[in-house]
Each structure stands twice: as C-alpha cells, then as structure tokens.
Amino acid sequence: MTKPQPKSHTQLGRAAVQMFAANDRMNQMLIEHLDPAAWKAKPPGNARSIAAIFTHVHNVRTKWIRLTAPHLKVPAQLHRARCTPQQARKGLAESAARCAEMLAEALGAPGNHGGRIQKFRRDAWFATFPVGPEMLYYMLAHEAHHRGQVCMLANQLGFKFPHAVADGIWNWEKLWKECGYPAGPGNAS
C-alpha cells in the first residue's frame, strides 16, 4: 500500500506536467519556424549547430529517463549529424511525453505509480537530486539555456525568427492552451 502524497506535492506534480508540456511546445515552435537552411548551418567559432543543440536536448532527456525512471520506455537517441527537423520534432515530442510521465510519478501527480522514483539522476557522475522542485527546475533551466542558444545562433546566422515566434515563446497562456490545458498557468487541475 502506498502512502498518500501531500497535497502540495500532488499540485506540483500536476503543474510540472503542464510546465514541461509548455516547455516542449516552445522547442517545437522554434523548429517549426526555423528556416531550413539554418538547421545545419555552421555557426561562428566552435559552437554546435542548431541541429546539434536540439538533438542534444532530446538525448539528454533520454539519459534522464534511463537513469531516473528506467521502467519507462526510453526513446531512441537522435544523431546530430543526420537528424532532420522533422525527426527532431518527433523525437522531442516523445521524450517530452516520457519526461512528463517521469515528473508525474516523481512529484505525485494523479495517476502516479506508487513513488518508484526517489531521486533525479542527471548523469552517472553527478550527485543525485531529491525528487521535488529541484528536479523540475533543473530540467527547465537546461532546456531554456539551449533555446537561448538557438535563438542567438539563428540571429547570428541571418535567420532571425519572426516576431510572433520570438515573442510567442513567452505567451504562456497560449502555450498552455495549445498543450490542452485551457485554464492556463496556475490552474493545475
């Protein structure tokens, strides 16, 4: 018999699932509106290409799932040199769904599976995080950092995102609705 989750933990779990869905929607928007020529364009210096950045985001998610929730189906990794924007969008959608399941389990969202997730393992050589807000914040910060890189690189390469996209990733109410949560942020029900 599993012990009931505290109400605040359950609310965080519901909110985490919605936040990660909105987070992935931001990634999807950038790829949807990225000029195809920018996908593998060589950035200045020794920086990763936009394709390499998005495949990295997906591949790191698969590592989080494999190390933290090995009972979940781990999506296949993407190859940064061969991945197309369509493959990246599909892979990111799948890894986002698994990350949302992992967050729901870890943070006590309705339908969780008895608290099998006790620690968040970012990598084999890093210290683990407790299951809680730290896990969610780390995941979101990692992705926001790389979205910033993508926006900066696209601009540097001469492929500036349309204003509606650059500002659209900040329209959380619209993002939430596009993800199937019409009540919007702060209404994790």
Side-chain angles (χ1 to χ4, degrees), residues 5-35 38-39 50-51 53-62 64-65 68-69 72 75 85-86 88-112 117 120 122 129-156 159-189:
Q5 297 285 336
K7 184 176 180 184
S8 62
H9 206 63
T10 303
Q11 289 172 329
L12 177 60
R14 279 193 290 260
V17 168
Q18 294 179 12
M19 290 165 69
F20 207 80
N23 168 75
D24 190 60
R25 181 67 194 119
M26 292 176 203
N27 295 333
Q28 297 287 341
M29 282 176 61
L30 293 179
I31 298 172
E32 284 170 23
H33 296 282
L34 181 68
D35 186 307
W39 183 249
I50 291 172
I53 292 170
F54 277 119
T55 58
H56 165 77
V57 168
H58 168 78
N59 292 342
V60 166
R61 286 176 179 178
T62 67
W64 294 338
I65 297 161
T68 303
L72 295 177
Q86 295 76 19
R89 289 192 64 212
K90 182 179 176 190
L92 286 165
E94 185 180 359
S95 62
R98 294 301 79 70
C99 283
E101 287 178 47
M102 180 174 69
L103 286 163
E105 272 191 52
L107 302 175
N112 71 37
I117 299 173
F120 174 52
R122 301 171 290 153
F129 282 2
V131 168
E134 301 88 349
M135 175 184 183
L136 174 64
Y137 299 158
Y138 182 88
M139 293 169 73
L140 294 174
H142 177 261
E143 301 213 358
H145 164 74
H146 289 302
R147 264 194 307 278
Q149 286 180 319
V150 165
C151 291
M152 179 190 68
L153 280 175
N155 196 22
Q156 287 177 343
F159 300 104
K160 192 173 181 176
F161 284 104
H163 196 67
V165 174
D167 287 351
I169 63 175
W170 291 102
N171 188 342
W172 284 38
E173 292 78 8
K174 184 177 179 192
L175 291 168
W176 247 254
K177 287 177 183 165
E178 288 176 6
C179 294
Y181 305 112
N187 297 296
S189 53

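Note that the numbering runs from 1 along the sequence shown for the chain.
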task: Just do the side-chain contact (heavy atoms from CB on, under 4.5 Å) check on Glu105 and Leu72 with the steps written out, would you?
output: CA-CA 11 Å; Glu105 272 191 52; Leu72 295 177; 3.8 Å; yes
- prompt: Between Phe54 and Leu30, is a side-chain contact (heavy atoms from CB on, under 4.5 Å) present by the stated rule, with each step listed?
  reply: CA-CA 10 Å; Phe54 277 119; Leu30 293 179; 4.1 Å; yes
task: Decide yes or no on side-chain contact (heavy atoms from CB on, under 4.5 Å) for Phe20 and Gln18, but give the supporting numbers first.
output: CA-CA 5 Å; Phe20 207 80; Gln18 294 179 12; over 6 Å; no
- prompt: Stepwise, does the side-chain contact (heavy atoms from CB on, under 4.5 Å) test hold for Val150 with Phe161?
  reply: CA-CA 10 Å; Val150 165; Phe161 284 104; 4.2 Å; yes
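Residues Met139 and Cys99 form a side-chain contact, since some pair of their non-hydrogen atoms from C-beta on lies under 4.5 Å apart. Under the 4.5 Å side-chain criterion, counting only non-hydrogen atoms from C-beta, Leu34 is not in contact with Ile31. At least one side-chain heavy atom of Arg147 sits less than 4.5 Å from a side-chain heavy atom of Asn23. Side-chain contact between Tyr137 and Met135: absent, with no pair of heavy atoms (C-beta onward) separated by less than 4.5 Å. Annotation: side chain of Val17 is in contact with side chain of Tyr181 (closest heavy-atom distance under 4.5 Å). Residues His142 and Trp64 meet the side-chain proximity criterion, which asks for heavy atoms closer than 4.5 Å.
Across all non-hydrogen atoms, the minimal contact from Pro75 to Ile65 is CD-CD1, 4.1 Å. Shown here for Ala106 and Ile117, the closest heavy-atom pair between the two residues is CB-CG2, 3.7 Å. Annotation for Leu103 and Ala16: closest pair CD1-O, 4.1 Å, computed over non-hydrogen atoms.
Annotation: salt bridge (charged side-chain N to carboxylate O under 4.0 Å, His left out) contacts of Arg98 (sequence neighbours excluded): Glu101. With sequence neighbours left out, the side chain to side chain donor-acceptor pair (under 3.5 Å) criterion links Asn59 to no other residue. For Glu32, the side chain to side chain contact (heavy atoms under 4.5 Å, CB included) partners at least two apart in sequence or on another chain are Arg25, Gln28, Arg89.
Here the straight-line distance linking atom CZ of Phe120 with atom CZ of Arg122 works out to 7.5 Å at 0.5 Å rounding. Atom CE of Met19 and atom CG of Asp24 lie 14.0 Å apart (nearest 0.5 Å). Remark: Ile50 CD1 to Leu153 CG distance equals 5.5 Å, nearest 0.5 Å.
For residues 136-145, every residue pair satisfying the salt bridge (charged side-chain N to carboxylate O under 4.0 Å, His left out) rule, not counting sequence neighbours, is listed here: Arg61-Glu143. Applying the salt bridge (charged side-chain N to carboxylate O under 4.0 Å, His left out) test to residues at least two apart or on different chains, none of the pairs has a partner in residues 129-140.
Using modelled atom types, one side-chain atom of Ser95 and one backbone atom of Leu92 make a donor-acceptor pair closer than 3.5 Å. Listed for the His146 side chain is no donor-acceptor partner under 3.5 Å among the backbone atoms of Ile53.
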Would you mind writing out the side-chain donor-acceptor pairs for residues 164-175 within the sub-3.5 Å range, not counting sequence neighbours?
| unit_1 | atom_1 | unit_2 | atom_2 | d |
| --- | --- | --- | --- | --- |
| Asp167 | OD2 | His163 | NE2 | 2.7 |
| Asn171 | OD1 | Lys174 | N | 3.2 |

